[in-house]
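Pasting a structure below so you can have a look.
Letters A, B, ... mirror the listed sequences (proteins, then strands); counts begin at 1. Owing to the predicted nature of the structure, the values given are computational and were not obtained by experimental measurement.
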Amino acid sequence: MKLTVYNTKTRQKEAFEPIDAENVRMYVCGPTVYNRVHIGNARPVVVFDLLYRVLNVLYPKVTYARNITDIDDKIMNTSRETGESIESITTRYADAYADDMAQLNAKTPDIIPFATQHLPEMIDLVERLIARGHAYESEQHVLFDVRSMANYGELSNRSLDDMLAGARVEVADYKRDAGDFVLWKPSADDEPGWDSPWGRGRPGWHLECSAMIEKHLGKHIDIHGGGRDLIFPHHENELAQSCCGSDDTPFVNYWMHNGYVNIDGEKMSKSLGNFRMVNELLTEWHGEVLRYALLSAQYRSEVNFSFDVLSSAKQSLDSFYRALEQLQDVVTEPMPLEQASVFAALLDDLNTPNALAALHQLVKNLAKADEADRKRIKSDLIASGELLGLFEETPSDWFKGNTDDDQTAKIDALIAERAQAKADKNWARADEIRDELASLDIIIEDSASGTTWRKA
RNA sequence: GGCGCGAUAGCAAAGCGGUUAUGCACUGGAUUGCAAAUCCACGUAGGCCGGUUCGACUCCGGCUCGCGCCUCCA
């Protein structure tokens, strides 16, 4: 039972070997907090939450850090446009992000470092890079000298010359080489800034991750994750900074990147205006439906976030919750998570489609199961759910959805009236009430023990 | 121009050189006052053209189409 992961750097699946089996360390790039996040931002959160859960089964301790970027030109622009202070914006959206991710059943990382709280560490790293001959000061900027690093481009599998040949790169005149990137840049008086050996300024984009990883997780970590679009330039540059800032450590053993969330077959983008914000989706779909939909494809492939995919995810979850409802009275002992039927699939580079297939097979013959089987099935479902981050609701809450108390009272009254109509064999009235409930998105189910209802 | 990914049944999505992936939807049946749910039944799918092989969705080559990255987008 070995975990295998796909490593972007080597472009192949590899057996996972921790640096320190007593403390596995992983870092995932979090959001820039200037807006509500979209479902594409949620994918790495769900994917690496899943990895975190798997690692926690395999190893006694896992330290998971996910940063909050609270210095950025986009934040400054928002502040300029709205008049709201930068601190107010970043605090508000960092909180909103935490709320959204909690609704997707993502566990809170062990460490959530904020960029603004690590300026001394960032400045220190820049000084080390200059001292080691990998960075230079130019017109109040400090730039990383990409030509000083022999294997720059290794992570993203591209050479500097190829990269720059046909690319649309504006070369600032303070750069020695077009590929050099900013470590530190000057701030105008009305812009946020910090005093530094190079004047008042602020860090470049990539710097915070290098500094925070080193501080919280060390110079050499096991796993670094994020969206595919971060491979270049963000992670390539982070790797360059971290490796050149100290001795030539490997920095990260396994680079893992998730594929995009697409809408109508295309990447979400501002120009297409096809963003789907998580909080908006949550008004129509339960967080577990979003999570299930994200897990329905293997994390490295693209996933198209369509109505059909969400609807199918909901149907599947309904059937699992129905199984759990049927098993409500079964008493179980906790099952070790590594015995859950989804576990083996997850060990194979988080093969969630296979994991979900295993879960469906588990429930398939529930009707024919004897007591021992029912006990095993329920234990397995609970353990699998804990691994996948699903089934955190009770079945009754799940089927009730977001129905409030007033609506519930109204529904119950209608069902009572219908029960009387049925007793009177007044089928017309009974069907009329069912239609009325259906118009409220309520589906009713008659059984020998009475009538139950659920939200469509 | 450089680098890379993908094309599987109505939709979604995996593994695998030779046995039914799986889910959702659809259709028929059982059940039900009618429904819903459940149960039973039901799909030789693998872009195109070659090659390797006893045998290819799976390996190799070419083609077509789609998508992504190439300096601050998860």
Polar pair under 3.5 Å, donor/acceptor by atom type, side chain Lys267(A), base C73(B): yes

Under a 4.0 Å N-O cut-off, is there an ion pair linking Asp95(A) with Arg92(A)? no

Could you give the CH2-to-C1' distance, from Trp453(A) to A35(B), as a whole number of Å? 18 Å

Could you state the NZ-C1' distance from Lys314(A) to A25(B), rounded to the nearest angstrom? 15 Å

In whole Å, I'd like the distance from the NE2 atom of His257(A) to the C1' atom of A74(B). 10 Å

Suppose you measure atom C1' in A25(B) against the same atom in C60(B); what distance do you get, rounded to whole Å? 38 Å

C39(B) and C5(B), which share atom name C1', separated by this distance in whole Å: 43 Å

Indicate yes or no: does Arg374(A) engage Glu371(A) in a salt bridge with an N to O separation below 4.0 Å. yes

Please give, in whole Å, the distance from C72(B) P to His141(A) NE2? 14 Å

Looking just at side-chain N and O atoms, do Asp70(A) and Tyr34(A) make a donor-acceptor pair shorter than 3.5 Å? no

Could you give the CZ-to-P distance, from Phe399(A) to A36(B), as a whole number of Å? 16 Å

Is any side-chain N of the basic residue among Asp73(A) and Arg202(A) closer than 4.0 Å to the acidic one's carboxylate O? yes

Readout for nucleotides 6-16 of chain B: B = base within 4.0 Å of protein heavy atom, S = sugar-phosphate only, - = neither; 5' to 3' it is -----SSSSS-

Please tabulate, for side-chain N and O atoms in residues 308-316 of chain A, each donor-acceptor pair with protein atoms closer than 3.5 Å (sequence neighbours left out).
from: Lys314(A); atom 1: NZ; to: Asp318(A); atom 2: OD2; distance (Å): 2.9
from: Ser316(A); atom 1: OG; to: Ser312(A); atom 2: O; distance (Å): 3.3

When rounded to the nearest Å, what value does the distance between P atoms of C34(B) and C42(B) take? 26 Å

Hits for salt bridge (Lys or Arg N to Asp or Glu O under 4.0 Å) against Glu121(A), two or more places apart or cross-chain, chain-then-number order -> Lys215(A)

List for me each residue that meets salt bridge (Lys or Arg N to Asp or Glu O under 4.0 Å) alongside Lys9(A), sequence neighbours excluded, and say none if there are none. Glu154(A)

For Lys74(A) and C73(B), is the shortest distance between a side-chain N/O and OP1 or OP2 below 4.0 Å? yes

Any side-chain donor near an acceptor of the partner, Asn351(A) and Gln298(A), under 3.5 Å: no

For residues 33-47 of chain A, which residue pairs qualify under salt bridge (Lys or Arg N to Asp or Glu O under 4.0 Å), counting only residues two or more places apart or in two chains? Arg36(A)-Asp100(A)

So does Glu288(A) pair up with Arg291(A), basic N to acidic O under 4.0 Å? no

Pairing of Arg147(A) and Asp145(A) as salt bridge, 4.0 angstrom limit: no

What side-chain donor-acceptor pairs closer than 3.5 Å can you find for residues 178-185 of chain A, not counting sequence neighbours?
from: Asp180(A); atom 1: OD1; to: Val146(A); atom 2: N; distance (Å): 3.0
from: Asp180(A); atom 1: OD2; to: Tyr136(A); atom 2: OH; distance (Å): 2.5
from: Asp180(A); atom 1: OD2; to: Asp177(A); atom 2: N; distance (Å): 3.1
from: Trp184(A); atom 1: NE1; to: Ser196(A); atom 2: OG; distance (Å): 3.2

So for Arg429(A) and G33(B), does any side-chain atom that can act as donor or acceptor lie under 3.5 Å from a complementary atom in the base? no

Atom CG of Asn262(A) and atom C1' of C67(B): how far apart are they, to the nearest Å? 8 Å

Distance, P atom - from G1(B) to C72(B), rounded to whole angstrom: 23 Å

Distance check needed: C72(B) P versus Phe144(A) CZ, whole Å only. 18 Å

Check whether any side-chain N or O of Glu325(A) sits under 3.5 Å from a backbone N or O of Arg322(A) as a donor-acceptor pair, and report yes or no. no

What's Gly204(A) touching, base or sugar-phosphate or nothing? Going by heavy atoms closer than 4.0 Å. nothing

Applying side-chain contact (heavy atoms from CB on, under 4.5 Å) between Leu55(A) and each of Ile223(A), Leu50(A), Asp222(A), report the one that passes. Ile223(A)

Pairs counted as Watson-Crick or G-U wobble with both distances under 3.5 Å: what dot-bracket string results for RNA chain B, using | for bases tied to another strand? (((((((..(((.....[...)))..((((.......)))).....(((((..]....))))))))))))....

So which protein nitrogen or oxygen atoms get under 3.5 Å of nucleotides 3-5 of chain B's nitrogens or oxygens?
from: C3(B); atom 1: O3'; to: Asn157(A); atom 2: ND2; distance (Å): 3.4
from: C3(B); atom 1: O2'; to: Asn157(A); atom 2: O; distance (Å): 3.3

Interatomic distance at C1', C59(B) relative to G46(B), whole Å: 16 Å

Reckon Val261(A) touches a base, only the sugar-phosphate, or nothing at all at heavy-atom distances under 4.0 Å? base

Contact class for Arg418(A) (heavy atom, under 4.0 Å): base, sugar-phosphate, or nothing? base

If the P atom of C40(B) is compared with that of G51(B), how far apart are they to the nearest Å? 45 Å

Nearest whole angstrom, please: distance from the C1' of G68(B) to the CG of Leu230(A). 14 Å

Just to be sure I understand the rule, does Gly226(A) reach a base, reach only the sugar-phosphate, or reach nothing, if contact means heavy atoms closer than 4.0 Å? sugar-phosphate

Scan residues 446-456 of chain A for pairs that pass salt bridge (Lys or Arg N to Asp or Glu O under 4.0 Å), counting only residues two or more places apart or in two chains. Arg418(A)-Asp446(A), Lys422(A)-Asp446(A), Glu445(A)-Arg454(A)

Check Asp348(A) with Lys13(A), please: is the shortest side-chain N to carboxylate O separation under 4.0 Å? yes

Of all the choices, G33(B), C72(B), A74(B), which nucleotide is nearest to the side chain of Met268(A) once you look at every atom? A74(B)

Can you check nucleotides 42-45 of chain B for protein contacts, nitrogen or oxygen pairs under 3.5 Å, and list what you find?
none

Using a strict 4.0 Å threshold on nitrogen-to-oxygen distance, state whether Arg376(A) and Asp373(A) make a salt bridge. yes

Distances for protein N/O vs nucleotides 37-41 of chain B N/O pairs under 3.5 angstrom?
from: A37(B); atom 1: O3'; to: Arg322(A); atom 2: NH1; distance (Å): 3.3
from: C40(B); atom 1: OP1; to: Lys368(A); atom 2: NZ; distance (Å): 3.4

So, is the end of the Arg158(A) side chain (NZ or CZ) under 6.0 Å from the ring centre of Phe232(A) and within 45° of the ring's axis? yes

NA contact type, Ile444(A), heavy-atom cut-off 4.0 Å: base, sugar-phosphate, or nothing? base

Please report the distance separating the C1' of A45(B) from the corresponding atom of C54(B), rounded so that it comes out in whole Å. 24 Å

Sorted by chain and number, sequence neighbours left out, side chain to side chain donor-acceptor pair (under 3.5 Å) with His257(A) holds for Thr8(A), His235(A)

Name the residue closer to the 5' end of RNA chain B, choosing between Ile443(A) and Arg43(A) according to the nucleotide with the nearest heavy atom. Ile443(A)

Span that lies between the C1' atom of G47(B) and that of G66(B), in whole angstrom: 11 Å

